[in-house]
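Within every chain, numbering begins at 1; the chains are lettered A, B, ... in the order of the sequence lines, protein sequences first and strands thereafter. Both backbone and side-chain heavy atoms feed into the values below; hydrogens, waters and symmetry mates do not.
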Amino acid sequence: MLNFVPCSPMRNYLKGLNENQYLAATHMNGPLMIVAGAGSGKTKVLTTRIAHLMAEGVDAFNILALTFTNKAAAEMKERIEHMLGNNEARNLYIGTFHSVFARILRGEAHRLGYPNSFTIYDTDDSRTVIKQVLKEMQLDDKHYKPNTVHSRISQAKNALVGPLEYAQDYYIQQEDMRANKPALAKIYKAYCDRCFKNGAMDFDDLLLKMYELLNTFPEVLHKYQKKFKYILIDEYQDTNPVQYQITKLLAAMYENICVVGDDAQSIYSFRGATIENILQFQKDYDDVQVIKLEQNYRSTRNIISVANSVIQKNIGQIPKQLWTENNDGEKIKLVRTLTDNDEAKFVSNTIQEERLRNHFNNKDFAILYRTNAQSRAFEENLRRMGIPYRIYGGLSFYQRKEIKDFIAYLRVTVNPADEVALERIINYPVRGIGKTTIEKLQTQASNNKTTVWEILQRAGEFGFRAGTLDAINNFVVMIKYFQSLLEDKSAYDVAMQIGKHTNLVKELFSDKTQEGLQRYENIQELLNSIKEWVDTQQDLSQIDEEGTVLEEVDTEIAKNATSLAAYLQQITLLTDADEKDKDGTGDMVKLMTIHAAKGLEFPVVFVGGVEESIFPSGLSINTREELEEERRLFYVAVTRAKQKLWLSYANTRYRFGNIINNEPSRFISEMPDEFIDRSYAGGNSSNFAGNAFERMNRSGFGGYNNATQAEKRYGPPPKKNVLPTQAPKANKIVEHRPSADFVPSDTSTLQEGHKVEHAKFGFGTVQKMEGAAHNRIATVMFENNGEKKIMLNYAKLRIIG
DNA sequence: TAAATGACTTTTTTT
DNA sequence: AAGTCATTTA
């Protein structure tokens, strides 16, 4: 049988790519930066690239792909599986930064003094810890709002500023003094200590501790540097300094790092993300190959034109020349309504109408908004019209009270040091351990420098009343029983036992109110999902045993594949959006925030609440940077739409139970008229409703008849936004050195006198070694390049002898 | 100690 | 509007 390798079905996927996409997907070695415009097929390129690497013989174990949402990761994995037609993709490390690092830390956390079965604290848990800390320090939580304190701490962590550095940094201290919050440094320290004592990491710790791990233990760093020969990062513009440092460390050995980003879509600076990382990337490595993807395949010309005109108001961008071959499509429709409810009604009606008239399905529509609170009105109206919908984000399943309660039991069982979980359940269901007792327990714990759990076990020593002591002992016995199950039972079995013995399920079952019933069902659903998870894990570990060689970490995990600890580890990182559509494929209208919509596309998009103080948010109009980020967010919203786009705003809406009036968003006036259909902007109101700007601009009602007058207000009119329909010249490919076959050695054993080869400088001899284990620097005399100092963390050295 | 009442805050955006 | 938190009442 003839078998042409180049024609093997595995490589068919390369056929549909344009020139630049092809270059990006097949570029094998060296640092690669893909600057991708919206809708330019970057996901396609990323997945193709991974499939191609594997087709070229790279082992799945050696590929690490990092994304920002579980959804993006799952989608990528699925696509690759589909492309390759086998289950090789299973062994890829694809996931969010948080989930991948959590997985690695699960095998390494003990080195940092955490239990390997550490708990992950979500934002709520973090806040609870902060409240506890504030209470102990006797600080006023009105002044030190847990919310604000947490975001300050989070910012510090994301910028790699530890408690010590925070306390010592002059400028930070000045800032805190000015805000009249001098205790922040101490709170930060106490918060970290408390989390550590609880055996818990918060979301930011998953990144920070990963960095500390790599930076402190050279052997760990080398292990993962060697493992991850190819690293891919999606949405690179959203990385923050910790993420940047980690990936820099990991990629230092092979430099096969590929980042994909669009500076125009950077919308996470509140999380510490900085576009600097994109600019820095080109300076960090020699021979960075930059490929631009500038053809938009997604949207109509009108949509892209509007998006481009608006984003041009931002200064300081990476120059890109977007173009498209797509049709003009319909103009963008501007809708004004009287109230937020009318807005929602209009959207529901339009969905109904479009579906009938233009044969769309429910799933072709997305309703996007700036804040989660806006979803309610849409929800009510869709329900009223019997249109099936699904809300992504908002309160996730795992954040519901009854679910959190149940999970708290699971958490205490696995990690009784977890005080947040312990406090949650110690008297739920009521068992006679009241507030006073709990406070006493906590005081004793801090007096004795130990955990509450420890005190509970030795409760007899602390003079509790007989009844209370009984209750405490019963509780301890119960938890210990649960812990005894961990040995040999799966997560599901343990959870079932917990449900039975705590009367949690029974209690909810006897609650016959509507909400009680719902809660009962939620608990059932949780148990079902645990069962489902256990079954899948079992399947996975079985297949793994059939011959595939597993790395150390994975064997560890495979062993406890179905353990409760493993289950808990992943659950905190799940968001609502990750739940698969259980009801078949689900022909439903999708509702989500614009942030959550990034990376997605929909045939028809409605953007609601395009009003001043909502979009841009009233909290983000104080500096140019903030406003530009809101504008990028607007750009993201607009570019989600493939065919049709509606932008709506209401004259009045409810906020905290009060009626407020907002002006139309400034972004509306930034859109060139030629792409806009304002005929809906009359809405329900009379022709004279709306503000002056609105009235003057309404079509057929005058508008500016004096160009200079308009120019005075807006500056010169936007340049005619004519998109090119042809591709600019394709990128040139630069050869990367180190050459493909240069493999650096493990430099942990490097000593004076060693002969080495450097990827770029050639051959040389080690003159001197200095620095601590994790920060070793070699001074090397090169034959042709003179003396160089080389940091071994980033070494591209091969030991010759 | 537990339930009931009333004052008070909250909303950017996410892992 | 709805949830949280503290104070009162049983």
Cation-pi check for A:Tyr392 against A:Lys71: NZ or CZ below 6.0 Å from the six-membered ring centre and within 45 degrees of the axis, yes or no? yes

Distance check needed: B:dT11 P versus A:His150 NE2, whole Å only. 14 Å

Are B:dT13 and A:Phe270 stacked, with the base six-membered ring and the side-chain ring centres under 5.5 Å apart and planes under 30°? yes

Would you tell me if any nitrogen or oxygen in the side chain of A:Thr593 comes within less than 4.0 Å of OP1 or OP2 on B:dT14? yes

Nearest-Å distance for atom pair CD1/P, residues A:Ile660 and B:dT10: 17 Å

For the residue pair A:Arg631 and A:Phe634, would you count it as a cation-pi contact if the rule is NZ or CZ under 6.0 angstrom from the ring centre and within 45 degrees of the ring axis? no

Checking B:dT15, B:dT10, B:dT13 against the side chain of A:Thr96 (C-beta onward), the nearest is B:dT15

Select from A:Val430 and A:Glu630 the residue whose nearest nucleotide in DNA chain B is closer to the 5' end of that strand. A:Val430

Test the A:Lys440-A:Phe462 pair against the cation-pi criterion, namely NZ or CZ under 6.0 angstrom from the six-membered ring centroid and within 45° of the ring axis. no

Rounded interatomic separation in angstrom, taking CD1 from A:Ile621 and P from B:dT13: 17 Å

Are there runs of at least three consecutive Watson-Crick or G-U pairs touching DNA chain C, with each pair's two distances under 3.5 angstrom? Give them by first number. B:1-10 with C:1-10

Report yes or no: do A:Gln374 and A:Thr371 form a side-chain donor-acceptor pair below 3.5 Å? yes

When you get a sec, tell me which of B:dA2, B:dT13, B:dT15 is the closest nucleotide to the side chain of A:His595? B:dT13

Taken to the nearest whole Å, CG/A:Asp125 to C1'/B:dT15 is 14 Å

Planes under 30° and centres closer than 5.5 Å, is that true for A:Phe656 with the base of B:dT10? yes

Round to the nearest Å and state the distance from A:Ile267 atom CD1 to B:dT15 atom P. 11 Å

Suppose we screen for side chain to side chain donor-acceptor pair (under 3.5 Å). Which residues come up paired with A:Thr639, at least two apart in sequence or across chains? none

Do the side-chain N or O atoms of A:Asn372 get closer than 4.0 angstrom to the phosphate oxygens (OP1, OP2) of B:dT13? yes

With distance as the sole criterion, is a donor-acceptor pair present between the side chains of A:Arg152 and A:Tyr166 under 3.5 Å? yes

Have a look at A:Ser269 and tell me which of A:Glu629, A:Gln237, A:Glu625, A:Glu628 forms a side chain to side chain donor-acceptor pair (under 3.5 Å) with it. A:Glu629

Select base, sugar-phosphate, or nothing to describe what A:Phe97 touches, counting heavy atoms under 4.0 Å on all strands. nothing

A:Asn661 and A:Asn651 side chains, donor-acceptor separation under 3.5 Å: no

5′-ward residue of the pair A:Lys145/A:Asn427 relative to DNA chain B: A:Asn427

Gap between atoms CG and C1', on A:Asp122 and B:dT14 respectively (whole Å): 12 Å

OP1 or OP2 of B:dT1 versus the side-chain N and O atoms of A:Thr437: is any pair under 4.0 Å? yes

Length of the line joining A:Phe464:CZ and B:dT1:C1', which is rounded to integer Å: 15 Å

Do A:Glu611 and A:Ser665 have side-chain N/O donor and acceptor atoms under 3.5 Å apart? no

Without decimals, in angstroms, what is the distance between A:Leu627 CG and B:dT13 C1'? 15 Å

Does the protein touch nucleotides 2-10 of chain C at the base, only the backbone, or not at all? Give it as B, S and - per nucleotide, heavy atoms under 4.0 Å. S--S-----

Before giving the answer on ring pair (Phe, Tyr, Trp, His ring centres under 6.0 Å), spell out for A:Phe68 and A:His595 the whole-Å C-alpha distance, their side-chain angles and the decisive distance to 0.1 Å. CA-CA 11 Å; A:Phe68 276 82; A:His595 282 89; over 10 Å; no

Result of checking A:Lys404, A:Arg127, A:Gln399 against A:Asp122 for side chain to side chain donor-acceptor pair (under 3.5 Å): A:Lys404

Is any side-chain N or O of A:Asn147 closer than 4.0 Å to OP1 or OP2 of B:dT11? yes

Base, sugar-phosphate, or nothing: which does A:Phe68 touch, judged by heavy atoms less than 4.0 Å apart? sugar-phosphate

Distance test, side-chain N/O of A:Thr436 to OP1/OP2 of B:dT1, below 4.0 Å: yes

Could you check whether the side chain of A:Thr123 and the base of B:dT15 have a donor-acceptor pair of N or O atoms closer than 3.5 Å, going by distance alone? yes

